[in-house]
Amino acid sequence: MTLDSTDRARSAKRLFPLIARRLDSIPAPPAVLLRVSGLLAAPDLSSRDMTEIVRVEPSLTARVLRVINSPFFGLGPRVSTVSHAVALLGPEAVRRIAGGISVFGSEVGDAGDLSRLRWFRHSVSVAAAAEVLAGDFGFDLPEEAYVAGLLHDLGRIVLGARVLAKSPGDTPDGRLRGRAALERERARNGMDHCRAGALVAERWNLPEILRDAVELHHEEAGSLADLPPRNSMLVGIVAAADRICDAHGLACEPGAEGEDPGRIVVGDRIPGSGEVARAIAGAEAALADLARRLGCGRDLVGELSADSLAARRTLVGRRRERPLADRLGSLEGILRQIRRGSTREEMLSRAVALCQGGLDFDRVVFFEMGDGTGRLVGRFHSGGTRIEVNLPAISLPIAAGGPIGAAIRDGTPVRLDNWATDGGLLDLLGHTEAVLAPVSAGPELLGLICADCSLSSRDLTDADVTLLGLLAGELGLAEENRMLHESTKQLRALSIKDELTAVNNRRNLMERLAGEIDRAMRYDSPLCVVMVDIDDFKAFNDTLGHLAGDAALTEVAQLIVSSSREVDVIGRYGGEEFLVVLPETYVDQGIVYSERLRKVVEEWSLERVREGSSCPITISVGVTEFRRESDDLESLLRRVDAALYAAKGRGRNRVCVA
């Protein structure tokens, strides 16, 4: 049975949902994953050692590259090597990714985990052989060749048992080989494993050169002519490594070992016997090193296969979410921290940072609504990696009829999955599901908080939706309370401040003076009062106008503030007069303060004259000290007022004491 191109396209379309559901769960052999996870758990692991460990497991390598090449990070050239990815992500992110890899179940395929372990051994062998051949043929980045070899048969795992099942017409040992096997896969599935792997690589945003190596390594050399030269060379290197390993007992499928590899062309050359020997030696050395790292003997596949059942039992459930009671306790602590924020930005950024670990998410992002654009714009992010994200560059439209639009309209949290209308957000995040909750303060939509488990691949649950919804609701209430508090502060400030000069108005000034008098009486402490008047202010107004007069009043008020202590009380007493209350100050200290203030105003005025003002400004100052035995508020004010008028009577621009 054969299919024409139209039938293949239809079959591929039917099959793709099956493939898409596997995109986040490319599995690993359980015994391998358990031992790799144990190696990664070492607390003082160097970046180089971590790279070497990640390189031995194709599923882990694929996941690491998938995460680092997510559009969310906005990296320029896509990352194609493990060392680069590990350096960017950091050790904790890599460990979390390893903890999220799923394992093979015994129901997959007719040969159980043994077939998968052969696939694992074959992938590592081809990777090592490709790295050696890359050096021999002058390919500029041998580590990239290693990764391409490691991932070249990714499609076999994506298609799963559908690839391995026997069909009538297969060879006596149950397998078709080479291009005949690919044709059988296409007839049965609508695509072969090369195309399936390429779909995964494309969906994961992997570099084009890796996608080409995955999809085209079974093609003839002549069909690669349209590829960029570097891509074509890498495809040839992977194809050569694949066939060499097959021919020397390191095949993926039983019965394929020892077959003639046929004509292999890399670029415009055919590998010689020396290059083939070095490739095989590299593959065998890599397998020996792998066995040493994993604590196995020479029978790598046999020993890991024997340990698979016990390893699977150990790994079961490690991606489960924390108990709901624990997460609710964390939420309570997060809300306490949020409410301490003094600004909206502080509360939102704190919520994102605390929510990521506290509620058991890998990544949390807060999106603002773009002004009048109907788009989501990144604002705050916490994601457990070392990568700095250019959040302002993130801008996504919201589909009016999609789940995000519905969440905004209804004010309710929503879980997005692969089939959501707003798939653009999931494509940006590079993950298959996320939880999203709108944050509103009264009628104002502040934005949306989004969370996912992009590293650990933990399945999101109804509890995740509920928790993020509770956080969003409480965050909105906290912002409402903050806004109300700020409004109250502003109203209070308006009630106690002079509208023009922003110092205390007369009513509040008198209340503060009365309080300082009571304190001076209670503690027998000194108290000095200073009254300031702008000289000839009426003439200034008549000459330059009332707007200039208002500006002069404001500037003099600020000069008084800047010349005073924080404990001093400054207020507008009336018209062009100001009163300064100096706690814990004797009269001689008050005179020094007043004289300094007079000079400050005089120098400021002279500077104005030099700049072209025709009306200099000076001040007259009266000073007095509170007399505990005889004074009250009214007598104190009468005396300081008399001192001020004495200064004016003696020629102005001076300080007098009463």
Side-chain angles (χ1 to χ4, degrees), residues 26-69 73 75 78-103 117 120-132 134-135 141-151 206-207 210 281-298 300-301 303-304 307 311 314-315 318-319 362 383-387 454-457:
I26 301 300
V32 175
L33 185 56
L34 184 62
R35 299 187 191 200
V36 167
S37 297
L39 293 171
L40 289 174
D44 56 349
L45 203 62
S46 69
S47 180
R48 180 177 179 178
D49 288 340
M50 179 166 281
T51 296
E52 291 302 314
I53 294 169
V54 172
R55 275 166 47 108
V56 307
E57 213 303 293
S59 303
L60 180 54
T61 293
R63 287 274 297 148
V64 165
L65 290 176
R66 176 261 179 107
V67 170
I68 198 66
N69 286 298
F73 292 125
L75 299 178
R78 296 179 189 174
V79 177
S80 61
T81 64
V82 176
S83 60
H84 191 188
V86 168
L88 289 173
L89 288 171
E92 292 310 313
V94 173
R95 290 187 181 102
R96 199 164 179 86
I97 292 170
I101 300 292
S102 58
V103 299
L117 285 166
F120 163 72
R121 183 191 65 177
H122 175 71
S123 298
V124 174
S125 303
V126 172
E131 191 170 36
V132 171
L141 195 56
E143 189 186 353
E144 190 174 51
Y146 180 96
V147 171
L150 199 66
L151 303 183
L206 299 191
L210 296 183
E284 291 174 344
L287 290 175
D289 183 63
L290 174 62
R292 178 186 59 79
R293 285 182 180 276
L294 299 183
C296 297
R298 295 181 61 85
L300 180 70
V301 170
E303 290 187 41
L304 292 175
D307 291 344
T314 302
L315 292 167
R318 63 180 182 157
R319 286 193 296 165
D362 292 340
T385 71
R386 293 173 172 173
I387 304 172
S454 55
L455 300 179
S456 65
S457 292

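Computed from heavy atoms alone, side chains included, the values below leave out hydrogens, waters and symmetry copies.
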Contact between [X] and [Y] at the side-chain level, heavy atoms closer than 4.5 Å - yes or no?
{"X": "I53", "Y": "L60", "result": "no"}
{"X": "L294", "Y": "V36", "result": "yes"}
{"X": "L88", "Y": "F73", "result": "no"}
{"X": "L34", "Y": "D307", "result": "no"}

Which atom of [X] lies closest to which atom of [Y], heavy atoms considered:
{"X": "L117", "Y": "P29", "result": "CD2-CB, 3.4 Å"}
{"X": "I68", "Y": "A85", "result": "CG2-CB, 4.1 Å"}
{"X": "S123", "Y": "L150", "result": "CB-O, 3.6 Å"}
{"X": "A93", "Y": "L89", "result": "CB-O, 3.6 Å"}
{"X": "L65", "Y": "T81", "result": "CD2-O, 4.0 Å"}
{"X": "A98", "Y": "L33", "result": "O-CD1, 4.0 Å"}

Residues two or more places apart in sequence or in another chain: which of them pass side chain to side chain donor-acceptor pair (under 3.5 Å) with E92?
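Residues passing side chain to side chain donor-acceptor pair (under 3.5 Å) with E92: R95.
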
Name all residues meeting the side chain to side chain donor-acceptor pair (under 3.5 Å) criterion together with N69; count only those two or more places apart in sequence or in a different chain, and write none if there are none.
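Side chain to side chain donor-acceptor pair (under 3.5 Å) list for N69, sorted by chain: empty.
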
Go through the structure and list residues passing salt bridge (charged side-chain N to carboxylate O under 4.0 Å, His left out) with E57, not counting sequence neighbours.
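By the salt bridge (charged side-chain N to carboxylate O under 4.0 Å, His left out) rule, E57 matches no residue at all.
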
List the residues meeting salt bridge (charged side-chain N to carboxylate O under 4.0 Å, His left out) with R298, not counting sequence neighbours, and say none if there are none.
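Checked R298 against salt bridge (charged side-chain N to carboxylate O under 4.0 Å, His left out); zero matches.
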
Can you pull out every salt bridge (Lys or Arg N to Asp or Glu O under 4.0 Å) where at least one residue sits in residues 38-52? Sequence neighbours excluded, please.
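Salt bridge (Lys or Arg N to Asp or Glu O under 4.0 Å) check on residues 38-52 returns E52-R55.
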
Set out, in order, the CA-CA distance, both residues' side-chain angles and the distance that settles side-chain contact (heavy atoms from CB on, under 4.5 Å) for V64 and V82, then state yes or no.
CA-CA 8 Å; V64 165; V82 176; 5.5 Å; no

Could you go through R35 and L304, starting from their C-alpha distance and side-chain angles, then the distance that decides it, and tell me whether this counts as side-chain contact (heavy atoms from CB on, under 4.5 Å)?
CA-CA 10 Å; R35 299 187 191 200; L304 292 175; 3.9 Å; yes

What distance do [X] atom [atom1] and [Y] atom [atom2] have between them, rounded to the nearest 0.5 Å?
{"X": "I97", "Y": "S457", "atom1": "CD1", "atom2": "OG", "answer": "8.5 Å"}
{"X": "D289", "Y": "E284", "atom1": "CG", "atom2": "CD", "answer": "13.5 Å"}
{"X": "D362", "Y": "R96", "atom1": "CG", "atom2": "CZ", "answer": "4.0 Å"}

Show your working on side-chain contact (heavy atoms from CB on, under 4.5 Å) between V67 and S454 and close with a plain yes or no.
CA-CA 7 Å; V67 170; S454 55; 5.7 Å; no

Under 3.5 Å: donor-acceptor pair, side chain of R78, backbone of L206
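Yes, R78 side chain to L206 backbone: donor-acceptor pair under 3.5 Å.
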
Using the side chain to side chain contact (heavy atoms under 4.5 Å, CB included) criterion, which residues pair with A134? Sequence neighbours excluded.
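For A134, the residues satisfying side chain to side chain contact (heavy atoms under 4.5 Å, CB included) (neighbours in sequence not counted) are F139, P142, A145, I237.
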
Test F120 against L290 for side-chain contact (heavy atoms from CB on, under 4.5 Å), laying out the working first.
CA-CA 11 Å; F120 163 72; L290 174 62; 3.6 Å; yes

